[in-house]
Every structure is written in C-alpha cells, then in structure tokens.
Amino acid sequence: MKRARFHHRLLPVLLLVPQLTIIVIFFYWPAWNAVQSSFFLQDPFGFGSQFVGLDNYSRLFRSAEYMKVARFTLIFTLLVTGFSLGLALLLAVKADKVIRGARTYRTLLMWVYAVAPPVAGLIGVALFDQNIGAMTRLFSGLGHDFRLGVNYLDTAAAMVIVSVWIQTPVNFIFFLSGLQSIPQGVKEAALIDNPSGLRRFWEVTFPLLAPTAFFLLIINITYALFDTFGIIDTLVKNNPASNPMTLVYKVFIDGFRGNDIGGSSAQSVVLMVLVLILTVVQFRLLERRIHYT
Amino acid sequence: MAQLSVEHLSKTYPNGVTALHPCDFAIERGEFVVLVGPSGCGKSTLLRMIAGLEDISSGQMRIEDRVVNHVEPAERDIAMVFQNYALYPHMTVYRNMAYGIRNRRVPAAEIDRKVRDAAQMLNLTEYLDRRPAQLSGGQRQRVAMGRAIVRDPALFLFDEPLSNLDAKLRNQMRIEIRALQQRLGVTSVYVTHDQIEAMTMADRIFVMNAGRIEQIGTPAEIYHRPASTFVASFMGAPPMNLLRGHGTGTGAVMLSGGLQLDLPMPTDAGRDLVLGLRPEDMRLSPDGPIRFDIQIVEELGATRLLHGQLSEQPFTVAVSKETQAGPGIARLAFAPDTASLFCGQKGHRL
Ligand SMILES: Nc1ncnc2c1ncn2[C@@H]1O[C@H](COP(=O)(O)OP(=O)(O)OP(=O)(O)O)[C@@H](O)[C@H]1O
Ligand SMILES: [Mg+2]
C-alpha cells in the first residue's frame with residue numbers, strides 16, 4: 001500500500017475531523033446513551049428516571065416474548081442469508097457460463113445493482129398486496145388464502161421472500177465478479193484434471209470464491225439482522241403486535257410505541273454485544289482459512 | 001500406430017477469425033513435436049483443440065484409435081502445462097500434483113507413491129506442503145510439470161511453459177523437460193515462439209504461419225531445406241539471406257543487382273525467384289566469384305557477423321572468430337548445394 005506523506009502535522013487531523021464527527025455523533029454518542037439508559041427505569045411520561053441496575057436486562061431474559069422474537073430473528077437470519085446467498089450463487093454460476101467475458105452482458109446484469117433498495121422493497125411489498133399482489137394471487141391459485149399481516153406464518157414468509165428478493169442481486173453481482181476473476185487457466189486445468197462438473201465446482205471454483213463468499217456472509221447477516229427493518233416496518237405497519245418481528249424491530253416497538261426506553265436500551269446493548277461477538281468470531285475463525293497469498 | 005492424428009482439422013472462432021486452416025498430420029508414439037511460429041499464428045489454438053478446450057470447427061481428431069472431437073478434456077488422457085502454470089492456489093504442492101489422479105479412482109497408496117516419485121524427480125520433495133504462492137517461478141513451473149507427470153497420460157501438451165522464466169532458468173528447464181520426456185517416453189506437443197527451443201527440443205517441428213502449417217520436418221530438414229521463404233526467414237539466427245532475382249533459363253540466377261550466380265538446378269527464363277543462402281554457409285575467399293561490400297561487423301564472441309551489401313541487396317555472412325574481417329570489399333564463395341531456391345511470387349521452395 002502507498003503511504004501518503006503530509007508536510008503539516010495538522011492537515012491529516014483536519015482531514016479526519018468530518019469522518020470522526022459523524023462517527024461520534026451518530027454512533028458513539030447514541031451507543032453511550034443507550035448503555036446509560038439501560039440501567040434506568042424511565043417514567044413513561046418522561047418525568048425523570050430511576051436507577052435500577054441490571055433489572056432491565058434480567059427482565060429481558062425472563063421475558064418469553066423476547067425469547068420468541070430472538071428465536072424468530074435467528075431463523076429469519078438463517079433463511080434470508082441462506083436463500084439470498086444460495087440463489088445468487090446459482091444464478092452467478094449460470095450467468096458466468098453464458099457471458100464468458102462478453103462485456104455487454106456483464107454491463108446489462110450490472111444494471112440490477114442500480115435499482116435502489118427502497119424501490120425494490122416497494123415492488124416486493126406490492127407483490128404481497130392483499131388485492132392486487134401477484135404473489136397473493138399465486139398463493140390463492142395454489143389454494144392458499146395468503147393473509148399478510150394477519151397470519152403469522154404468512155407474514156413471516158413474506159418478510160423472508162421480500163428480504164431475499166432485495167439482497168439477491170447484490171450478492172449476484174459480487175459472486176459474478178468473483179467467478180470472473182478466477183484465472184481462466186485454473187478453470188481449464190480443472191477441466192482437464194476432473195471429469196465431474198459438480199466436483200470441479202466444490203473443489204476448485206468454490207474455494208477460490210471463498211473470500212467473496214465470506215465477505216458476503218458478513219454483509220448478509222448484518223443485512224438480515226438490521227437492514228431489514230424497513231421491510232418489516234412496511235409489511236407489519238398496521239398491526240405489529242401479533243406479527244413476527246426481529247430483535248431490531250422490537251427495539252423500536254418497545255422504545256417508541258411502548259415508551260419503555262430502559263428495556264429498549266438494554267435490547268440495543270444486547271444487539272451491540274451480539275454484533276461484536278459475531279464479527280470477532282467470524283474474522284478470527286474463518287478469515288484465516290480462506291486467504292491464499 | 002499414431003498417437004495423435006488429424007484430418008482436415010480447422011478452427012474458426014465465433015467472431016469469424018479462422019485461426020487454423022484445414023490441416024492433416026500424425027504424431028507418432030513417443031515423439032516430441034514443437035509447434036513454432038510468430039504470435040497469433042494459431043499455435044495455442046491448435047494445442048487447445050487437442051486438449052479439448054476449444055471446439056473443433058471441422059475435420060477429425062484421433063488420440064490413439066479413438067475419435068475425440070466431442071470427448072471432454074478430462075476424458076482425453078492428456079495433461080497440459082500452461083504458460084502461467086495455472087496451479088490451484090488453494091491447494092498445497094502435494095494436492096496440486098495429486099488432484100488429477102485423485103479423480104480417477106487410483107488407490108491412495110499409489111497416488112502417494114506417484115506424487116512422491118514425481119516430486120523427487122523434480123526436486124520438489126521439500127516443498128510438498130507449500131502453497132503455490134510460496135514458490136518461485138521456476139518451482140511453480142516444476143509443480144506444473146509434476147502435475148502432468150503424475151497423470152501419466154497418453155499426451156503431454158505444453159503451451160509456452162518457459163516464457164515466464166529468465167533466460168538462464170529457461171535454458172536449464174529446456175534441457176530438463178527434454179530429458180524427462182525422453183525418460184518417460186510420453187508423446188509431447190510443445191508450443192513456443194522461440195526458435196531455439198524449437199530447434200533444440202524437437203524430434204519434429206511444425207512451423208506455423210497465419211493459421212497454416214507451413215512445414216513439418218526434423219530440425220535439420222527445417223534448417224537446411226526450408227519449405228518457404230517464411231520458414232527460411234523465421235528459423236535460424238541470423239536468418240537466411242533472401243536475394244531477389246530471376247531465372248536465366250540456363251541453370252543460373254540473375255540477381256536484381258546485376259550479379260549472375262550459377263546453380264546446380266534448372267531455372268525457367270524470366271521467372272521471379274528468391275535465392276536463399278545461410279549466413280554460415282558463405283565463406284570469405286580472395287578469389288571467390290561474389291563481391292560483398294562489408295559495412296558493419298558484429299562481434300558475437302564465438303562468431304562474427306558481417307553485414308553489408310551483395311548485388312545491391314542487404315546480406316549477412318557469419319564467420320568464425322578466427323577469421324579476420326573489417327569494413328570494405330570482400331569476396332565470397334559458397335557450395336552450390338547449400339543454396340535454396342524459392343518461387344518469387346508464392347514463396348514456396350522449388
Ligand atoms: N477466443 C477467441 N476468439 C476469437 N479469436 C481468437 C480467440 N482466441 C484466439 N483468437 C485469434 O486466433 C488467432 C490465433 O490465436 P492463438 O492464440 O492460437 O495464437 P498463438 O499462435 O498462440 O499466439 P501467441 O504466440 O501470441 O500465443 C489470433 O488471430 C487470435 O486473435
Ligand atoms: Mg499462444
């Protein structure tokens with residue numbers, strides 16, 4: 001890597017200030033606030049607060065409802081990550097076979113990337129519209145009366161499908177460029193060495209794709225845990241109570257609808273710790289095994 | 001029985017480029033064939049067609065007795081060494097070498113023995129646990145060789161395997177590859193654009209030009225009896241001198257500068273001809289019939305190149321380091337049977 005040299009001591013600091021300001025204002029400060037308020041019980045009407053120690057936390061872990069949401073979040077994350085990665089990989093492998101370096105196709109496929117996620121989300125939600133949604137009609141054609149926002153499983157399925165729908169193109173682009181960056185010679189050597197296409201994929205192509213896949217795995221878990229907030233909000237807006245939700249959405253519901261700032265803060269802190277552990281574990285365990293140079 | 005034979009084999013890429021015009025040849029068991037020619041002449045295309053990495057546009061290809069036009073690369077019983085080695089970056093040297101036979105139901109003990117034998121042969125034993133990224137270029141080249149050897153195939157295919165190495169290592173590997181091939185007796189097709197590699201390694205050379213095989217022959221045949229002016233100018237350093245002229249009808253050539261040379265072959269009167277003379281077939285002799293105007297002397301150590309004009313055409317003579325010569329007028333002689341004569345229009349040998 002190239003090292004830039006500055007003649008002034010102050011200049012690098014000055015250049016870092018905007019970025020650091022943003023991080024402090026939008027990350028460290030709220031995070032610190034959350035940690036603080038997780039030890040207090042707030043008056044629902046905003047008249048002062050009372051120090052309660054770890055009460056908010058113990059209340060959390062004794063709550064059957066919180067555990068139910070945690071379980072749903074786990075399953076939801078597994079499904080969204082699994083399907084959007086799997087589907088994208090499958091599509092990328094097929095596309096890679098067709099385009100074989102043909103630039104025009106690649107550019108066309110890149111356009112998928114240019115569709116803004118909220119737009120894709122709105123389209124996805126429209127698919128499940130109770131009256132005109134294509135998916136709703138598809139399900140009714142299959143003999144199932146799809147009730148978004150009413151039936152727990154139906155709503156959960158819609159959440160997974162829309163989330164996968166939005167994330168797959170992003171994964172696809174990354175997988176495709178990963179596949180295209182595997183040297184042609186290595187693919188050809190494998191073609192000569194191994195008669196089975198499936199085993200060629202798992203023994204040569206996939207290991208070479210592993211850095212990309214690992215990167216995407218982290219991105220996708222983070223996405224499923226946090227960035228699906230908007231989708232869930234759009235889907236269950238009218239009636240969150242009886243519907244499935246993820247941990248992040250519950251933070252919002254409890255804090256802003258339930259006015260339980262203390263409990264909600266405790267939940268945020270739990271999530272922060274979760275992310276921390278997740279990141280450390282992933283980098284420590286996995287990254288070591290997938291770099292070749 | 002031929003190990004590899006092709007009939008009317010040709011290749012046209014989807015974009016319309018004809019990289020190989022129809023050709024026929026057969027390669028015998030144990031032979032070391034070198035495909036040589038300038039960049040873009042279709043050497044790699046032909047080799048990759050043999051490997052099954054490119055479709056065959058028309059014609060037929062057989063390995064041993066089997067038509068392989070539509071046989072997958074892995075089923076052709078070939079092994080290939082690529083220009084950039086194409087090692088599997090995520091596998092150790094051992095696994096790289098074992099990979100090809102692990103997929104062919106060979107017992108584990110035999111795989112291990114073959115890999116270790118090959119590693120020993122190539123001085124790779126101490127590197128077996130390393131990844132390709134931890135090896136030098138020459139070592140990677142050896143691993144690529146080892147991967148091919150372990151396979152024990154009917155055909156070795158090499159695509160410019162030495163072009164990424166420095167000159168010294170290239171010379172050394174050239175000799176090693178040839179020695180290995182002779183020891184193992186595996187039929188080999190070797191692509192290069194380096195005519196020294198071609199001359200020193202080949203049993204037979206295929207000289208290619210613009211998608212056509214111009215000549216097939218032993219190094220000596222290619223050198224002494226080039227089939228065309230292209231082959232004459234491509235093979236040999238310095239290349240053969242090519243002098244333009246026309247026939248006199250009396251077994252002589254009238255060079256365009258006005259000099260007449262007698263030859264032991266008939267020459268049609270008035271026909272455009274090209275006379276080919278190897279620089280090292282010429283000798284300086286005070287009473288020789290040819291006037292040579294030396295302009296530049298190039299010292300190469302063992303030999304000395306004299307560049308100048310002969311009958312108003314550029315000409316080069318190679319003399320041994322004992323022969324003294326300097327700029328000025330000299331006289332040359334040559335043995336008539338060392339001369340080559342080509343058609344002035346089409347360039348083929350007469
Ligand atoms: N995939 C392809 N599609 C279209 N044309 C191709 C393709 N591969 C090669 N060609 C063309 O076919 C011709 C022969 O190419 P080839 O790679 O066989 O040359 P080569 O003799 O190996 O050259 P070099 O010494 O530079 O490797 C060239 O004109 C090249 O542009
Ligand atoms: Mg080539």
Side-chain angles (χ1 to χ4, degrees), chain A residues 1 89 92-93 95-108 174-175 177-217 285-293, chain B residues 13-15 44 47-54 71-92 95-106 130-135 140 143-148 150-151 153-157 159-161 164:
Chain A
M1 199 166 322
L89 182 58
V93 168
D96 182 51
K97 283 215 178 93
V98 180
I99 62 182
R100 271 271 203 100
R103 286 274 151 78
T104 34
Y105 285 122
R106 199 156 25 167
T107 315
L108 282 176
F174 276 99
F175 272 135
S177 66
L179 282 169
Q180 302 241 315
S181 69
I182 296 176
Q184 192 63 25
V186 172
K187 291 188 206 170
E188 289 175 350
L191 215 55
I192 292 174
D193 273 345
N194 195 337
S196 153
L198 205 61
R199 294 193 32 211
R200 273 202 301 273
F201 178 79
W202 288 116
E203 292 168 1
V204 177
T205 312
F206 190 74
L208 294 178
L209 215 52
T212 309
F214 172 67
F215 163 74
L216 284 179
L217 185 69
L285 285 186
L286 289 173
E287 204 188 28
R288 198 179 307 156
R289 295 180 49 199
I290 51 176
H291 278 292
Y292 309 122
T293 47
Chain B
Y13 280 109
N15 64 359
S44 296
L47 193 77
R48 292 165 54 80
M49 287 166 82
I50 299 172
L53 298 171
E54 295 290 350
V71 176
E72 290 293 310
E75 312 283 359
R76 289 194 180 192
D77 201 12
I78 50 137
M80 184 154 167
V81 178
F82 294 83
Q83 178 169 7
N84 45 17
Y85 320 132
L87 301 176
Y88 307 118
H90 59 298
M91 297 185 193
T92 60
R95 292 235 298 136
N96 259 287
M97 300 211 304
Y99 189 65
I101 45 171
R102 282 222 348 247
N103 299 311
R104 288 182 167 71
R105 289 190 208 85
V106 179
R130 291 210 198 167
R131 293 256 172 78
Q134 301 162 317
L135 299 176
R140 283 180 219 183
V143 177
M145 278 293 297
R147 190 164 66 175
V150 167
R151 285 277 313 281
L155 262 182
F156 276 155
L157 305 176
D159 195 352
E160 309 207 23
N164 288 349

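Residue numbers begin at 1 in each chain, while the letters A, B, ... track the order of the sequences.
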inquiry  = To the nearest 0.5 Å, what is the distance between CD1 on Ile192(A) and CD on Glu75(B)?
reply    = 12.5 Å
query = Partners of Glu160(B) by side chain to side chain donor-acceptor pair (under 3.5 Å), sequence neighbours excluded?
reply = His193(B)
ask   = Hey, does Arg151(B) have a side-chain heavy atom less than 4.5 Å from the side chain of Asp193(A)?
value = yes
ask   = Which bit of Glu72(B) comes within less than 4.5 Å of chain A, counting heavy atoms only: side chain, backbone, both or neither?
value = neither
ask   = Which answer fits Arg76(B), side chain, backbone, both or neither, if we ask what part of it has an atom under 4.5 Å from a heavy atom of chain A?
value = neither
ask   = Between Ala86(B) and Val186(A), which heavy-atom pair has the shortest distance, and what is it?
value = CB-N, 3.8 Å
ask   = Considering only heavy atoms, which portion of Ile78(B) lies under 4.5 Å from any heavy atom of chain A: side chain, backbone, both, or neither?
value = both
ask   = To the nearest 0.5 Å, what is the distance between CD (Gln184(A)) and CZ (Phe82(B))?
value = 9.5 Å
request  = For Glu203(A) and Asn103(B), work out which heavy atoms get closest and say how close.
outcome  = OE1-OD1, 3.8 Å
query = So which of Pro73(B), Ala144(B), Ala51(B) has the biggest tally of heavy-atom pairs under 4.5 Å with chain A?
reply = Pro73(B)
inquiry  = Contact between Glu188(A) and Met80(B) at the side-chain level, heavy atoms closer than 4.5 Å - yes or no?
reply    = no
query = What part of Pro195(A) gets closer than 4.5 Å to chain B, counting heavy atoms only: side chain, backbone, both or neither?
reply = both
query = Residues two or more places apart in sequence or in another chain: which of them pass side chain to side chain donor-acceptor pair (under 3.5 Å) with Ser44(B)?
reply = Asp159(B)
Check: Ala189(A) main-chain N/O paired with Tyr88(B) side-chain donor or acceptor under 3.5 Å = yes
